[in-house]
*Asks:* 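Here you go, one structure.
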Amino acid sequence: MTSEFDLVVIGAGSGGVRAARMAASHGAKVAIVEERFFGGTCVNVGCVPKKLFSYGAHFPDEFALAEDYGYSVSGWEFDWHTLRNNKTREIERLNGIYRRILDQAGVTILEGHGRVEAPGKVSVGDKIISASNILVAVGGKPFVPEFPGNELVRISDDLFYLEQLPKRVAVVGGGYIATEFAGILQGLGCQVTQIYRGELFLRGFDEDIRSFVAEQMAEHGTTLRFNTDVVRIEEGAGVKQLITDSGEQLEFDEVFYATGRVPLLDNLFAEGATPELNAGGAIVVDERYETSIKGVFALGDVIDRLQLTPVALAEGMWLAAYLFGKDKPCSPLNYRNVATAVFSHPNIGTVGMTQEEALATTGPIRVYKSSFRPMRYTLGDRQVRTLIKLIVDDESDRVLGLHMAGEDAAEITQGFAVAIKMGATKADFDATVGIHPTAAEELVTMRQGELVTAG
C-alpha cells in the first residue's frame, strides 16, 4: 500500500465520506481513517436510529387513533429488545454500505486512530502516511457539565443500546436532541421529565413554535420543568436522586444528559500541529475550509457552522471540487435558508428567518399563522394540533421564513424550502392552488397577516 496520498481524511462520517468519495471521482488518490464506526454520528448514534425510534414511539398514538376509525386494537405489547435489535441490524447494514461506497470509489480505508502530526503528515497507529492535503472531519461528542454525580448520568449515545427501558426518566437539556429524546421516551411508555435551566427550550427556533411544542408535549404527558438546574445526583437502592438548584429532590431510574455537543478533538493533533480554535473549541476555518495550518482542512460538526448532516455533505462536495475538480466552485458555500427539522413530538420543520431574526434585520414584516386540528383526529377526542407560520417582508413581499410544528412538518417544509431558496413571494404562495384536504394547503391559503414592527 502506498503511504503518499493527495488527500487523507480523518473521520468516516457523512462529510468525510462524501469528501473522500468525490475527491476520488475527480482523480485524486485518497485515504480515509476511521477508528469507531463508518457513517459517523448520524448513521450510528444520531439522526438515523433516532428517527427509527421516533417512528416506534408513535405507534401507541396510532393504536388509540385506530379505535376512532372502528378498529379494535387491544392487548398490544411493546418489546424494547425487538426495536433495539432491529435498529442495530439496520445500522450494521448501513455501515457496510458506507464501506462499499468507499471501496468502489477507490478510497483506501485505514482503521485506527488518526492524528495530524505535522503539515502533510498523519499517523495511524505506528504508521505515518503523507498527504498533500489533510481533511479533519471527526465530528463531535456529547458534553456533560461538571457537577457532583455526573458519572451517574447517561448520554444520548446510550439510549440506542440500553439493556432495559427505564420507567421514570429525566432528560436534562433544552436543545433539539433533549427534546427529541423526551418525546421518544414518553412515546415508548416511560414517565418523562425534561429539565432545562432556561425559561423555554429550543433556543434559536421561532418563539411561537417553541411555545406550541411545549404546550403539545405537556398535553400528551411529558413533564416540563423550566428554570430548573441540576446541582448534584446521588444513587441509592437502584434509584437516581436528582437535587435541583431550588433544593428539590426528584427520583428517576435513569437520567439522560443532552446538554450540547463539542468537537471531538481528543488526541487529534500532535504538539505544535494544533490549528486555531475558537472559544467553543471548534476548529477555525476560512471560506475554503482551510485551517490556520496550510494544507489542513476541516468541515462538519468539528467547525462552527451549521451542525447538520446535509450541510456536512454539501461542505464535503464543495471542498472536493475546490481541491481536485476541473470546474472549481467560484463562490463559497451558501448557508442561507438551510431547512432543518426536529423530530420532537410534535415534529418541527423550519427554513429561513424566525420572527425575531426578521425584526432584527429587516423593516416591518407580516406574520401569517394558522393553528388547527388535523383532519384525521376529528373523529375522536384527541387534542392533537398543528401550527404553521409564515414570515413575510412587508416591503418586498418575499417570504423570509416558514415554520411548522405538527405531523409531517419535515416532509412539508422540505418542499417549500425550494420555493423560499428561490426567493418566492407571498403572492407566489397565494397564486398556488392547494391540494385539498391536506395540512400543507394551509401554507397557500393563509390570507390574514399581522403587520409587526420592531420595538
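If you're wondering where the values come from, they're calculated on a predicted model, not measured in any experiment.
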*Asks:* Would you please classify the geometry between the Phe160 ring and the Phe53 ring as parallel, tilted or perpendicular, with 30° and 60° separating the classes?
*Replies:* tilted
*Asks:* Can you find a pair of side-chain heavy atoms, one from Thr350 and one from Thr340, that are under 4.5 Å apart?
*Replies:* yes
*Asks:* Would Arg99 and Asp103 pass as an ion pair if we require N to O under 4.0 Å?
*Replies:* no
*Asks:* Is NZ or CZ of Lys87 both nearer than 6.0 Å to the six-membered ring centre of Tyr161 and within 45° of the ring axis?
*Replies:* yes
*Asks:* State plainly whether the residues Asp266 and Lys141 are in salt-bridge range, i.e. N to O under 4.0 Å.
*Replies:* yes
*Asks:* I'd like to know if Asp253 and Lys167 make a salt bridge, using a cut-off of under 4.0 Å between side-chain N and carboxylate O.
*Replies:* no
*Asks:* Will you find, in the side chains of Tyr335 and Glu315, an N or O donor that is under 3.5 Å from an N or O acceptor?
*Replies:* yes
*Asks:* Would a 4.5 Å heavy-atom cut-off, applied to side chains only, mark Asp208 and Lys369 as touching?
*Replies:* yes
*Asks:* Check the side chains of Thr425 and Asp428 for a donor-acceptor pair under 3.5 angstrom, ignoring hydrogens and angles.
*Replies:* yes
*Asks:* With side-chain contact (heavy atoms from CB on, under 4.5 Å) as the criterion, how do Val230 and Thr244 come out once you've worked through the C-alpha distance, each side chain's angles and the decisive distance to 0.1 Å?
*Replies:* CA-CA 4 Å; Val230 178; Thr244 72; 5.6 Å; no
*Asks:* Taking atom types as modelled, find out whether Ser396 and Asp393 have a side-chain donor-acceptor pair closer than 3.5 angstrom.
*Replies:* yes
*Asks:* Over 60° means perpendicular and under 30° means parallel, so classify the ring planes of Phe59 and Phe63, tilted if in between.
*Replies:* tilted
*Asks:* Thinking salt bridges, do Lys426 and Asp397 make one under a 4.0 Å N-O criterion?
*Replies:* no
*Asks:* Looking only at the side chains, is there a donor atom on one of Glu442 and Ser370 sitting less than 3.5 Å from an acceptor on the other?
*Replies:* yes
*Asks:* Hey, is Glu219 close enough to Arg385 for a salt bridge, meaning N to O under 4.0 Å?
*Replies:* no
*Asks:* Looking at Phe181, I'd like to know if the NZ or CZ of Lys50 sits under 6.0 Å from its six-membered ring centre while staying within 45 degrees of the ring's axis.
*Replies:* no
*Asks:* Tell me, yes or no, whether the heavy-atom count around Glu62 atom CD, taken from other residues, nucleotides or ligands under 6.0 Å, exceeds 12.
*Replies:* yes
*Asks:* What I want to check is whether the side chains of His345 and Thr222 have a donor and an acceptor closer together than 3.5 Å.
*Replies:* no
*Asks:* Just so I know, are the side chains of Met217 and Gln194 near enough to count as touching, which here means a heavy-atom distance under 4.5 Å?
*Replies:* yes
*Asks:* Is there side-chain contact between Thr41 and Arg261, with heavy atoms separated by less than 4.5 Å?
*Replies:* yes
*Asks:* side-chain contact (heavy atoms from CB on, under 4.5 Å), that's the test. Do Arg89 and Asn85 meet it? Break it down for me.
*Replies:* CA-CA 6 Å; Arg89 186 179 67 248; Asn85 296 344; 6.0 Å; no
*Asks:* Take Phe429 and Phe416 through the test ring-ring contact (aromatic ring centres under 6.0 Å, His included) and record every step on the way to the result.
*Replies:* CA-CA 10 Å; Phe429 276 55; Phe416 280 93; 5.5 Å; yes
*Asks:* When you compare the side chains of Arg100 and Tyr98, does any donor N or O come within less than 3.5 Å of an acceptor on the partner?
*Replies:* no
*Asks:* Under a plain distance cut-off of 3.5 Å, with no hydrogens placed, do Asp157 and Asn44 share a side-chain donor-acceptor pair?
*Replies:* no
